[in-house]
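Keep in mind that the numbers below use all heavy atoms, side chains included, and drop hydrogens, waters and symmetry copies. These numbers come from a predicted model, not from an experiment.
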Amino acid sequence: MLTLDAWLTLAVIAACLTALIFSRRPADMVLCGGVTVLLLLGVLTPEEALAGMSNEGMVTVGVLFIVAQALSETGVVSWISNNVLGRPKSASAAQLRLMTPVAVFSSILNNTPVVAMLIPAVRDWAKRNGLSASQLMMPLSYAAIVGGTCTLVGTSTNLVVNGMMLQALPEQGLGMFELAWIGVPCTVLVILFVLLFSRRLLPDRGGQDERFGDTRQYIVEMLVEPGSPVVGQSIEEAGLRQLPGMFLVEIVRAQQIITAVSPNEKLFANDQLVFAGDVRSVVDLKNIHGLKLAEKQVFKLEAGNLNRCLVEVVISHNFPQLGRRVRDMRFRNHYGAVVIAVSRNGEQLKGKLGDIELEAGDTLLLEAHEDFVSNQRYSRDFLLVSAIENSRPVRHEHRLRASLIMLGMVLGVAFGWLSMLKAAFLAASLMILTRCIQANEARRSVDWQVLLVIASSIALGGAMEKTGAASAIAEGLVNIAAGSPVATLAAIFLVTALFSAVISNLAAAVIVFPIALAASQQLEVSLLPFAVTLMMAASASFATPIGYQTNLMVYGPGNYRFTDFFKMGVPLTVLVGVMTLLIVPLVWPF
């Protein structure tokens, strides 16, 4: 019989799921609200309600945000998106290029850092190739999840269940690659399902940064640096053909002007490239290794390169230089910033930048010290002063250093030298100490919404365990199937998949394992098929974003809603369940 606390817990979790499915309320607000209700009702103690905040997995994800941001700021992310993922022609081709290596990596590495490192790369890749991030982020998470089922070390759940099995029956256990018999077919099934049905089942919304168009258009000149990687490359090879919101107008080479530029045109040192496009694409241009702003005044700024950012200002009627040409007004001397482009009424102003005569209402794109915004925010000279997000220069000179730190973190975990938490902390610390990322940027990189959702989910799962609700539901479902080994396997898979959708998959496996052990003993059959089914079901966390931390990590960047995971994840869970019930009894007989 369920206790009153158990009924209260189930009611609160049902209310949370209903709110997540049928309302637009943020997931962190809904789940924190559920924890608050259980705390006020006395079901959870303050220590139990806050247990998720000290959970190792939650802290690891938080620290990995710093590592991922450092990889982005040093250009590792753009290198991966350009050289590893390539240039697919369609969303399906992109999904195949992405999911296959991710599944392979996740079979031998912890899938959380794999996803953390690839999220910014995939976002950048999608933008460069005109693809929707929502068509790629969920497949990224699913490939990482199912890839972990192929080996014993693929997920911590597999190791824990195998350890519990050895403790109960020392003569039974699984080899390192034995799970590949079921893991590989399920991985192939998941990839095929995504390729065939994602166009119908996944939304086409783009990522968080792609939801709003940019109406301000600029003309910007970039210079090809001598000795840079893009020298000798064609326009297409350098990635300058597929910049969204930006196109190459012409190339100025010595005294020659090349218009209607072919994608096969080779780049030479000191070429001046004239681009037209929106402000976000100007940021992309500045981040390309080998290009720099052609405006000579930029190099005379006193601020160090790493402390500069792009700023937009709108000129007021009080601006003292109205009617003067850009080259004559000594903007750098007066404001410590350099004009790199001008927009009027949202339109590009053609002609030489220095010849433009400024009018009230013009929008100037500046390169300035990061203190410019705070210093000029209340100036009468400008109607608006706004910093452009993520516009600091990429630290390409630190790319090798950041790559080695990332590789060291992955190898340290893969060979068991360090736990994932210790490796993540060490990598984040080294990124800051070696100046791959600044301390203030590291603080800003942490997505607290994701961490609150993880912590709240852990607290709600703990309430289900504490009150006995989870065990009672599991025992009831398994008892219904008593007498038939295959039906009991199906019940084990169903109850574990349900639990892993609302509590952590590791907690679900720990709760259901004693029931699976008792069922195998009552039926007088081997425990192995039940243990393997339990591992697969715990990893089949496709149906909700709170089911697995990688789902939560892609939730925001993919601009998903809670129901998006239902549409794609429920059929996948069913298919993986059917595949498991067909293969497991054949490979591990009763």
Side-chain angles (χ1 to χ4, degrees), residues 127 208-222 243-247 249 274-288 291-295 297-303 305-327 329-394 441 444:
K127 188 177 180 182
Q208 284 179 324
D209 298 331
E210 301 167 47
R211 283 180 283 178
F212 304 104
D214 198 320
T215 59
R216 296 178 304 283
Q217 300 290 311
Y218 296 101
I219 295 230
V220 179
E221 294 185 17
M222 305 297 292
L243 287 170
M246 178 72 73
F247 68 94
V249 178
V274 182
F275 290 91
D278 60 46
V279 67
R280 293 180 188 274
S281 297
V282 176
V283 176
D284 292 337
L285 276 178
K286 283 182 78 259
N287 290 343
I288 293 176
L291 297 187
K292 63 181 179 181
L293 289 166
E295 173 55 52
Q297 294 294 318
V298 169
F299 312 120
K300 299 178 182 179
L301 285 176
E302 294 179 1
N305 191 44
L306 298 181
N307 294 319
R308 296 185 204 160
C309 62
L310 293 184
V311 178
E312 280 186 304
V313 298
V314 179
I315 294 176
S316 74
H317 288 281
N318 298 312
F319 186 67
Q321 308 285 340
L322 287 179
R324 299 190 67 182
R325 294 184 302 179
V326 171
R327 68 156 59 97
M329 64 182 185
R330 301 175 64 83
F331 196 93
R332 177 176 59 84
N333 292 347
H334 284 98
Y335 300 101
V338 172
V339 180
I340 60 174
V342 180
S343 175
R344 183 169 295 160
N345 299 321
E347 299 297 325
Q348 307 157 0
L349 290 182
K350 298 180 180 179
K352 289 285 186 181
L353 175 64
D355 294 332
I356 296 174
E357 296 180 357
L358 297 181
E359 300 176 4
D362 283 353
T363 303
L364 309 184
L365 185 62
L366 312 175
E367 177 144 40
H369 190 275
E370 56 187 8
D371 292 338
F372 179 90
V373 175
S374 57
N375 293 338
Q376 300 294 332
R377 178 170 287 148
Y378 302 110
S379 170
R380 296 180 61 200
D381 297 350
F382 307 115
L383 295 173
L384 178 70
V385 179
S386 175
I388 305 300
E389 189 178 0
N390 298 324
S391 63
R392 283 181 177 79
V394 174
E441 287 298 313
R444 285 196 287 263

| task | Take Val313 and Phe372, measure what side chain to side chain contact (heavy atoms under 4.5 Å, CB included) needs, and give me the verdict at the end. | result | CA-CA 11 Å; Val313 298; Phe372 179 90; 3.8 Å; yes
| request: List for me each residue that meets salt bridge (charged side-chain N to carboxylate O under 4.0 Å, His left out) alongside Arg327, sequence neighbours excluded, and say none if there are none. | output: Asp355
| note | Applying side chain to side chain contact (heavy atoms under 4.5 Å, CB included) to Leu384 and not counting sequence neighbours gives Val314
| Partners passing salt bridge (charged side-chain N to carboxylate O under 4.0 Å, His left out) against Glu357 (at least two apart in sequence or in another chain) | none
| request: Under the side chain to side chain contact (heavy atoms under 4.5 Å, CB included) rule, collect the residues that match up with Asn318, sequence neighbours excluded. | output: Ser316, Arg380
| Arg325 side, atom CZ; Ile356 side, atom CD1 - distance, nearest 0.5 Å | 11.5 Å
| Sub-4.5 Å side-chain heavy-atom contact between Met329 and Leu358 | yes
| message | Can you list everything that forms a salt bridge (charged side-chain N to carboxylate O under 4.0 Å, His left out) with Arg330? Sequence neighbours excluded, please. | response | none
| Partner residues of Val249 under the side chain to side chain contact (heavy atoms under 4.5 Å, CB included) criterion, sequence neighbours left out | Phe247, Val274, Ala276
| query | Rounded to the nearest 0.5 Å, how far apart are NE2 of His369 and CG of Leu366? | reply | 14.5 Å
| Could you give the distance from CG (Asn345) to CG (Asp362), rounded to the nearest 0.5 Å? | 8.0 Å
| request: Could you list the residues that satisfy side chain to side chain contact (heavy atoms under 4.5 Å, CB included) with Val373, not counting sequence neighbours? | output: Val311, Arg377, Val385, Ala387
| query | Sequence neighbours excluded, which residues qualify as salt bridge (charged side-chain N to carboxylate O under 4.0 Å, His left out) partners of Asp381? | reply | none
| request: Identify, with sequence neighbours excluded, every residue that meets ring-ring contact (aromatic ring centres under 6.0 Å, His included) alongside Tyr335. | output: Phe331, Phe382
| task | Mind checking the OH-CD1 spacing from Tyr218 to Ile340? Nearest 0.5 Å is all I need. | result | 9.0 Å
| request: Output the distance between atom CG (Leu322) and atom CD1 (Ile315), rounded to the nearest 0.5 Å. | output: 6.5 Å
